[in-house]
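Just so you know, these numbers come straight off a predicted model, no measurement behind them. Side chains are part of it too, since the values below use all heavy atoms of this structure and drop only hydrogens, waters and symmetry mates.
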Amino acid sequence: MSEQNQATASDKQSLSIPTYLIMTLLTLCSIGPQYFLNLSYTVNQILVQNRFDTSTQGLLLPSIISNLAFGLGVPIGPALTRKYGIRKTYLAFVLAFLVGSLINVFSLNIVALSIGRLIQGLSSGMLFLTVLPVTLRSFPNKVRNFFLFMAIAGLFGSTAIGAFLGAVSLHMDQWRWIFLVGIAASVLCWLVGYKILPQHDPNQHEEHPVDKKSIFILSLIMILLAFPLYQLQDKGFSSIYVWPFFVVAGGLVIIFIVTDLAVKNPLIPLGALKATKPISGTIMAIGGHMSYIVAIAGINGVLRNVQNVSFSTLSYFYLCFFIGVVFSALISTFFYDKIGPGYLGVVGSLLVLFVAVSWIKVSADTSITSLYIDVICFGAGVSMVLVSGALGTALAGDLHQASMRSVSLHSIRNFFGAIIAPVLGWFVVRQNAVYYDNIRGQISETDPQVRLQLMDMIKHYMSTGMSQADAKTAAVIAVVTSAKKTAILHAYHNLFFMLAILGVIMLIASLGKALSGKNRALVKKEERMTLPAPETKKTSA
């Protein structure tokens with residue numbers, strides 16, 4: 001009878017789902033939707049503009065607010081988790097994300113959509129370092145390297161999936177259904193989390209008071225940044241609506257750092273990064289994040305505004321990006337412990353540099369096949385550098401401070417990420433205007449060469465059956481369109497030059513990481529215990 005009970009218990013255990021797989025599901029379905037919603041909005045925002053009849057500047061508001069809210073939530077999430085436990089905080093944040101998704105589905109204007117994205121950004125930011133460390137610890141030692149596959153293919157891959165879904169929504173001419181995916185994921189996470197996450201036992205946790213002063217200052221910084229970042233693309237840095245707010249926000253950043261360094265349990269423990277390995281890893285992760293934003297902004301603009309690719313081509317392009325991310329996940333999973341995060345970062349940085357040099361020469365005639373290959377390389381390279389740098393920083397030094405290093409790194413990374421996107425938008429608009437004015441100044445109907453080209457174009461259009469007046473109008477429109485494409489292409493080339501600079505910075509940081517000494521492995525080698533040899537009896541002579 002006892003053997004039967006043991007067999008039944010064994011069968012139940014064999015049929016049960018491992019904890020690390022459940023935590024992986026909770027991580028991907030709670031954090032992933034924020035990532036794919038960000039990039040899907042970048043791709044399909046023209047649909048939102050048409051639905052709400054808003055300006056191009058108005059479209060910036062949901063993205064800016066969501067990114068700033070995410071950056072605010074990243075350090076607050078762990079602080080609340082330490083106080084209230086993983087179960088309460090996780091379920092509360094997931095419920096908040098669900099509310100934000102519902103607001104977005106039923107939003108009637110850009111303001112309502114921005115409120116929904118604000119709630120989603122804040123809640124997913126709080127979830128980020130609430131659930132991710134728990135997921136890492138849930139992986140058994142022998143399969144802990146597969147955490148990298150989850151982090152890269154799952155989380156970083158969510159951005160590629162988001163771009164793919166954004167292109168699909170363009171083809172469908174519908175965008176609200178993407179937020180339904182967020183609703184479904186939130187409901188699943190809440191139900192599973194309610195079932196399996198443990199109750200909080202205050203006696204088993206140290207008391208870490210929440211630093212309310214730092215939270216207030218950081219919140220004020222994010223609120224102050226939202227207004228100038230929204231006005232920047234339209235008015236520029238010299239506007240009274242922009243630079244004073246940046247100055248005040250900069251002063252508050254200094255106050256925040258001084259305040260945070262003075263307290264016992266800082267909200268963002270910057271002091272935990274004071275070593276060669278954490279610093280180099282932090283530069284790798286931040287550089288990877290910046291590279292991703294710069295590259296996607298540039299290449300998406302080239303495909304949409306210069307090459308005028310179809311929606312299906314855009315879908316295949318971002319599907320190739322996802323393939324590159326999955327390839328990076330496999331390489332990192334099996335080689336992280338063998339060669340270390342530094343050398344993985346070197347490989348990834350070289351791939352990013354290769355793509356940057358290639359895209360500096362991109363034009364309207366560049367074949368889409370070569371761009372497919374480039375984006376596979378970029379997806380592999382940038383994800384390899386970012387995740388290797390982030391994980392290498394967390395594991396560099398005392399493991400008791402690993403969470404502190406992660407909070408600092410990801411807070412800085414997302415803070416810069418929230419700021420850089422609107423700045424890049426302003427830069428492209430400004431560069432485009434400068435180049436277009438230069439091209440207009442070089443074109444004159446009194447120039448014999450220009451007149452000859454116009455006459456050839458007019459003759460060509462007349463040969464198709466147009467009247468002389470219509471042919472002349474068509475020729476002028478073609479010249480203007482060509483000038484606009486040339487100007488915007490120059491602006492994107494400058495973005496790709498920035499990408500090359502970021503590639504060099506990441507390469508230097510990766511080399512520094514690689515040469516700074518041996519890194520802690522994810523999978524620890526289990527020492528085999530050997531039993532002493534049996535004693536032999538001595539025989540008398």
Give a yes or no answer on whether the side chain of Ser516 reaches the backbone of Lys513 with a donor-acceptor pair at less than 3.5 Å. yes
Determine whether a donor-acceptor pair (N or O, by modelled atom type, separation under 3.5 Å) exists between the side chain of Gln231 and the backbone of Tyr241. no
Considering all heavy atoms, the nearest Ile360-Ala500 contact: CD1-CB, 4.5 Å
Flag side-chain contact, heavy atom, 4.5 Å: Leu98 against Trp190: no
So Phe97 and Pro33, do their side chains get closer than 4.5 Å, heavy atoms only? yes
More than 12 heavy atoms of other groups within 6.0 Å of Arg430 CZ: no
Aromatic ring proximity Phe128/His410, centre distance under 6.0 Å: yes
Check: Ser124 side chain, Gly121 main-chain N or O, donor-acceptor pair, under 3.5 Å: yes
Checking Ser383 side chain against Ala380 main chain: does a donor-acceptor pair fall under 3.5 Å? yes
Are Tyr20 and Phe139 an aromatic pair by the rule of ring centers under 6.0 Å? yes
Arg117 and Asn38, any side-chain heavy atoms less than 4.5 Å apart: yes
Check whether Asn104 reaches the backbone of Phe179 with its side chain - one donor and one acceptor, N or O, closer than 3.5 Å. no
Tell me whether the count of non-hydrogen atoms from other residues, nucleotides or ligands lying under 6.0 Å of CZ in Phe52 goes above 12. yes
Between Asp337 (side chain) and Leu522 (backbone), is there a donor-acceptor pair under 3.5 Å? yes
Are the side chains of Leu26 and Met23 in touch, meaning some heavy atoms are under 4.5 Å apart? yes
Please evaluate residues Gln45 and Thr56 with respect to the criterion side chain to side chain donor-acceptor pair (under 3.5 Å), reporting the C-alpha separation (whole Å), side-chain torsions for both, the decisive distance (0.1 Å), and the verdict. CA-CA 9 Å; Gln45 57 185 336; Thr56 304; over 6 Å; no
State, yes or no, whether a side-chain contact exists between Ser332 and Val387 at a heavy-atom distance under 4.5 Å. no
Can the ring centres of Trp426 and Tyr230 be said to be less than 6.0 Å apart? no
State, to 0.1 Å, how close Val407 and Pro269 come at their nearest heavy-atom pair, and which atoms those are. CG1-CD, 4.0 Å
Is the backbone N or O of Arg405 less than 3.5 Å from a side-chain atom of Ser408, with the two atoms forming a donor-acceptor pair by type? no
Does the pair Thr130 and Thr89 meet the rule for a side chain to side chain donor-acceptor pair (under 3.5 Å), with working shown? CA-CA 8 Å; Thr130 293; Thr89 51; 4.9 Å; no
Main-chain N/O of Gly417 paired to His289 side chain as donor or acceptor, under 3.5 Å: no
Could you tell me if the side chain of Ile286 sits less than 4.5 Å from the side chain of Arg413, heavy atoms only? yes
Centroid separation Phe156 to Tyr292 less than 6.0 Å: yes
Apply side chain to side chain donor-acceptor pair (under 3.5 Å) to the pair Asn305 and Tyr492, showing each step before the final yes or no. CA-CA 10 Å; Asn305 301 324; Tyr492 292 137; 2.9 Å; yes
Would the distance check show the side chain of Ser107 and the main-chain N or O of Asn109 forming a donor-acceptor pair, the cut-off being under 3.5 Å? no
Would Arg87 pass as a cation-pi partner of Tyr194, given that its NZ or CZ must be under 6.0 Å from the six-membered ring centre and within 45 degrees of the axis? yes
Contact summary for Tyr41 and Leu59, nearest pair of heavy atoms: OH-O, 2.7 Å
Angle class for the Phe227/Phe245 ring planes (parallel below 30°, perpendicular above 60°, tilted otherwise)? tilted
In terms of the angle between their ring planes, are Phe70 and Tyr35 parallel, tilted or perpendicular, with boundaries placed at 30° and 60°? tilted
Min side-chain heavy-atom separation Ile412-Leu270 under 4.5 Å: yes
Between Thr333 and Asn145, do the side chains contain an N or O donor and an N or O acceptor separated by less than 3.5 Å? no
Does a sphere of radius 6.0 Å around CZ in Phe237 hold more than 12 heavy atoms from other residues, nucleotides or ligands, not counting ones at 6.0 Å or beyond? yes
Ignoring hydrogens, what is the shortest heavy-atom contact between Leu127 and Ile31? Give both atom names and the distance. O-CD1, 4.1 Å
Side-chain contact test, heavy atoms from C-beta onward, threshold under 4.5 Å: evaluate it for Ser101 versus Val105 and give yes or no. no
